[in-house]
Every structure is written in structure tokens, then in C-alpha cells.
Amino acid sequence: MTGQDWIEKDFYAALGVPKDADQAAIKKAYRKLARQYHPDQNPGDASAESRFKEIGEAYSVLSDSEQRQQYDAVRSMAGGGARFNAGPGGASGGFEDVFSSMFGGAGGARPGARPQYQQYQSGGAGFEDILGSMFGGSMGGGRPAGFGGPQQRKGADVETRATLPFRAAVEGTTVELTVDGKKITARIPAGVHDGQKIRLRGKGRPGSAGGPAGDLLIVVHVTEHPVFSIDGANLRMTLPVTFAEAALGTTVEVPTMSGETVRLKVPSGTPSGRVLRVKGRGVATTKRTGDLLVTVQVVVPQKLSRAARKALEDFAAEADGEDVRAELAAKAAQ
């Protein structure tokens with residue numbers, strides 16, 4: 001769009017609104033007209049397509065408060081649409097030169113030449129976004145914003161690391177970090193696992209030309225615990241039991257993260273590797289409380305007394321004839 005376009009075109013008339021119309025009225029008028037003249041509603045109609053472009057051009061200016069203010073000022077200086085021509089003798093110095101000097105165009109242009117003004121994309125929701133929502137598709141997104149100004153850009157993200165004790169990772173904690181010379185307090189939610197990234201929006205490097213700041217990414221390292229590990233909202237642990245306890249069944253005391261112990265029944269015939277569940281003894285998050293998952297590990301004694309050896313030999317004799325590996329070869333051949 002050229003500077004002369006702003007002088008010659010009445011964007012208020014194009015949308016059918018008064019010059020003192022508020023943004024709601026402008027938007028309402030645009031939506032109505034855009035729906036009426038949209039090419040999808042008028043296939044092959046060149047006049048409707050031209051009108052549609054005119055409506056979009058008007059809305060792109062009037063929907064932006066800064067552009068609208070500039071447009072009103074330019075139209076006021078130009079007397080509402082009159083064109084300034086070069087002075088007597090062909091000397092330049094008409095309104096286009098004034099307009100060019102106001103908005104950064106090159107001075108000394110040849111007489112009658114229209115200065116061009118570069119538009120750029122900003123983050124606001126403009127007429128293309130509205131059309132996209134009306135007709136189910138994107139039309140480029142972003143609203144034209146001003147003449148020759150710098151484009152808004154989001155600041156860069158910053159990544160840092162924090163090491164947490166296991167208990168702090170389970171219960172949640174607050175950490176103090178120093179990033180780019182600034183101290184930042186960050187809340188770490190309960191149940192974070194080793195390697196997880198926590199994103200703090202707007203805590204990264206500042207944006208340019210009024211753009212939003214980037215984000216701060218905290219990579220969490222959780223130290224190991226000698227008993228427990230984190231699995232989502234659940235905690236896991238391994239429970240050693242003797243051969244006799246696994247074979248005959250028993251009830252044992254199991255520790256929890258709270259420091260309390262709970263009684264857990266180990267059914268008779270429990271094999272090594274079976275997982276038993278203790279409800280509500282996992283990680284307490286904002287959404288739910290997990291469980292404690294207990295993996296049974298049958299411990300084989302390294303040394304046996306004479307009596308214990310004799311008892312096992314008697315047991316083996318009683319179980320003679322049972323082949324626990326009978327189906328192994330057949331399954332391996334599948």
C-alpha cells in the first residue's frame with residue numbers, strides 16, 4: 001500500500017462506519033462485509049473479490065490503533081482525500097514528500113512518484129485471523145503494523161540446571177537460581193523425575209521491539225535414593241523375602257517415604273519379581289496421589305547350616321519329578 005492510497009481511500013466508508021466508531025463496531029462491520037463478499041461465497045465474481053480486498057485493506061488499518069491514528073492524521077492533513085501535486089515549475093515538495101519525511105521515505109523523489117511503505121507482521125490478531133476462524137482456514141495470520149518500524153521478536157529461551165535431593169523431588173520444593181546475573185525463585189512441583197524440564201514462561205531473555213520475553217528451562221537432576229525410585233506418581237521399591245516367606249506366605253513391615261511403616265501381605269507361592277501394591281503411599285501431586293509399588297525379590301542364602309541343608313535336601317527329594325523347565329524349550333522354538 002502506498003502513501004497516496006491512505007490519502008485517496010476512505011477506509012471508514014469502505015466498512016460503512018463513522019469516523020468515531022469504536023473497535024467493536026469496526027470489527028462487527030468487517031465480519032459482516034467479509035462474510036458477504038468472501039470469494040468462497042462468490043466464486044468467479046471479480047467485483048466481489050475486489051470489494052473483499054478493499055474491506056480487508058480498510059480493516060487492517062482501522063483495527064490497529066497506531067495505524068488508525070496515523071491514517072486519521074494523514075487524512076486530516078490532506079483535507080480528507082485531496083492530492084497534493086508538485087509546485088510550479090515541476091519542483092517537488094508536495095504532500096507525498098511531506099508524508100515521506102514523516103514516515104521514513106526517501107526525500108528528493110522524482111515529481112509525482114508515490115513513496116512505498118513497508119509493512120511488517122506483529123503479534124496481534126488481525127483480519128486474516130478473523131477470516132481464518134470464519135471460513136475454517138488460516139490466511140497468513142498476523143496484522144500489518146505500521147510503517148517501517150522494527151518487528152517484535154520473542155526473547156531467547158535460557159536453559160539452566162538444578163540438582164534436587166530425592167525427597168525434595170517427591171515432595172516438591174522451591175529453588176533459588178542465578179540466571180544471567182539475576183536471582184530467580186522457582187517452584188518445582190512434586191513428583192519430578194531425573195532429566196525432566198520445568199518451563200518458566202517469561203523468565204528468559206527480554207524480547208526486542210516490545211516482544212515478549214523468552215522462557216527459562218530448568219533441567220532437573222534428582223539424586224538416587226537407596227530404597228525408593230520415582231515412576232510417574234508412583235514410588236517403587238524392592239522387598240527382599242526369604243525362600244520360606246515366599247513359599248509359605250507372610251506379612252512384613254514395609255517402610256514408606258513418610259517415615260511410617262505399613263504391613264504388607266506376601267501371599268504363599270509368590271515368585272521373585274512379582275509386584276505388590278500399597279495404595280496411596282506414592283507421590284502426592286495436585287492431580288492425584290500415587291501408590292507404592294513393591295517388587296518382591298526372593299533372596300537365596302549364600303551359606304547353609306547343616307540342618308538347613310538337610311531340610312532343603314529333604315524338600316528336593318519330596319519335589320523330585322517336577323520339571324520347572326518343561327515348557328522352556330518348546331516356547332524358545334516358537
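Side chains included, hydrogens not; waters and symmetry mates left out as well; all remaining heavy atoms used. Remember, it's a predicted structure, so these values are computed and weren't measured experimentally. If you read the sequence from its start, that first residue is 1, and numbering goes on from there.
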What residues join Leu248 in its hydrophobic cluster, counting side-chain heavy atom gaps under 4.5 Å, either direct or through other members?
none
Using the rule given for side-chain contact (heavy atoms from CB on, under 4.5 Å), can you reason through Val179 versus Lys203, listing the C-alpha separation, both sets of side-chain angles and the distance that settles it, and then say yes or no?
CA-CA 9 Å; Val179 180; Lys203 297 297 185 181; over 6 Å; no
Heavy atoms of other groups near Arg306 CZ, more than 12 under 6.0 Å:
no
Remaining members of hydrophobic cluster (4.5 Å side-chain criterion), Leu293:
Val275
d(Arg236 CZ, Asp231 CG) to nearest 0.5 Å is 4.5 Å
Sequence neighbours left out, what passes salt bridge (charged side-chain N to carboxylate O under 4.0 Å, His left out) with Arg167? Give chain and number order.
Glu171
What is the minimum heavy-atom distance between Leu177 and Thr160, and which atoms define it?
CD1-CG2, 4.0 Å
Just grab all the ring pair (Phe, Tyr, Trp, His ring centres under 6.0 Å) pairs involving residues 155-198, residues at least two apart or on different chains.
Phe166-His225
Measure across Ala213 and Gly204 and return the closest heavy-atom pair with its distance rounded to 0.1 Å.
CB-O, 4.3 Å
Rounding to 0.5 Å, atoms OG1 (Thr163) and CZ (Arg161) come to a distance of 9.0 Å
Closer than 4.0 angstrom, basic N to acidic O: yes or no for Lys53 and Glu57?
no
Distance, nearest 0.5 Å, that separates CD of Gln67 from CG of Asp72
11.5 Å
Is any side-chain heavy atom of Val266 closer than 4.5 Å to one of Leu276?
yes
Applying salt bridge (charged side-chain N to carboxylate O under 4.0 Å, His left out), name anything that partners Asp314, two or more places apart in sequence or on another chain.
Lys310
Kindly state each residue pair satisfying salt bridge (charged side-chain N to carboxylate O under 4.0 Å, His left out) with at least one member in residues 243-258, sequence neighbours excluded.
Glu253-Arg263
Would you mind reporting whether Ile230 and Leu235 have side-chain heavy atoms less than 4.5 Å apart?
yes
In sequence, state the C-alpha distance, the side-chain angles, and the governing distance for Leu292 and Asn234, and then conclude on side-chain contact (heavy atoms from CB on, under 4.5 Å).
CA-CA 6 Å; Leu292 175 60; Asn234 298 323; over 6 Å; no
Contact summary for Lys197 and Glu159, nearest pair of heavy atoms
NZ-OE1, 3.5 Å
Can you name the closest pair of heavy atoms from Arg51 and Leu33 and give their distance?
NH2-CD1, 4.1 Å
Please enumerate all residues that pass side chain to side chain contact (heavy atoms under 4.5 Å, CB included) together with Thr178, with sequence neighbours excluded.
Lys183
Non-hydrogen atoms of Ala21 and Ala25 that approach each other most closely:
CB-CB, 4.2 Å
Same cluster for Val227 and Val222 if Ile/Leu/Val/Met/Phe/Trp/Tyr side chains link at under 4.5 Å?
yes
Between Asp45 and Ala48, is there a donor-acceptor pair closer than 3.5 Å when you use the side chain of the first and the backbone of the second?
yes
At what distance, to the nearest 0.5 angstrom, does CD of Gln41 lie from CZ of Arg35?
7.5 Å
Does the side chain of Leu216 reach to within under 4.5 Å of the side chain of Ile184, using non-hydrogen atoms?
yes
Can you pull the ring pair (Phe, Tyr, Trp, His ring centres under 6.0 Å) pairs that have at least one residue in residues 234-279, sequence neighbours excluded?
Phe243-Phe315
Connected via hydrophobic side-chain network under 4.5 Å: Leu200 and Leu217
no
Any side-chain heavy-atom pair from Ile198 and Pro189 closer than 4.5 angstrom?
yes
Could you pull out every donor-acceptor pair under 3.5 Å between side chains of residues 280-288 and any protein atom, sequence neighbours left out?
residue : atom : partner : partner atom : Å
Arg281  : NH1  : Glu260  : OE1          : 2.9
Arg281  : NH2  : Glu260  : OE1          : 3.3
Thr285  : OG1  : Lys287  : N            : 3.3
Thr285  : OG1  : Arg288  : N            : 3.1
Thr285  : OG1  : Arg288  : O            : 2.8

Heavy-atom side-chain proximity of Thr174 to Thr185 below 4.5 angstrom
yes
Glu54 CD to Leu15 CG distance, which is reported to the nearest 0.5 Å
8.5 Å
Please name all residues satisfying salt bridge (charged side-chain N to carboxylate O under 4.0 Å, His left out) with Glu327, sequence neighbours left out, ordered by chain then number.
Lys331
Pairs in or reaching into residues 244-267: which pass ring pair (Phe, Tyr, Trp, His ring centres under 6.0 Å), with residues at least two apart or in two chains?
none
Closest heavy-atom pair and its distance - Leu62, Tyr71
CD2-CD2, 4.1 Å
Assess whether side-chain contact (heavy atoms from CB on, under 4.5 Å) is satisfied between Val254 and Met237, documenting all intermediate values.
CA-CA 10 Å; Val254 175; Met237 65 167 291; 3.4 Å; yes
How about Tyr37 and Phe52: are their ring centroids closer than 6.0 Å?
no
Drop me the distance from Ile55's CD1 to Ser60's OG, to the nearest 0.5 angstrom.
12.0 Å
side-chain contact (heavy atoms from CB on, under 4.5 Å) between Val175 and Ile188: does it pass, once the steps are laid out?
CA-CA 7 Å; Val175 296; Ile188 306 297; 4.1 Å; yes
All N/O donor-acceptor pairs, side-chain side in residues 296-303, below 3.5 Å, sequence neighbours left out:
residue : atom : partner : partner atom : Å
Gln302  : NE2  : Val300  : O            : 3.3

Using a strict threshold of under 4.0 Å (side-chain N to carboxylate O), is an ion pair present between Asp157 and Arg205?
no
Are the side chains of Asp215 and Lys154 in contact, using a 4.5 Å heavy-atom criterion?
yes
Taking the side chain as everything from C-beta on, heavy atoms only, tell me whether Gln23 gets closer than 4.5 Å to Ile26.
yes
Close side-chain approach of Arg68 to Tyr12, heavy-atom, < 4.5 Å:
yes
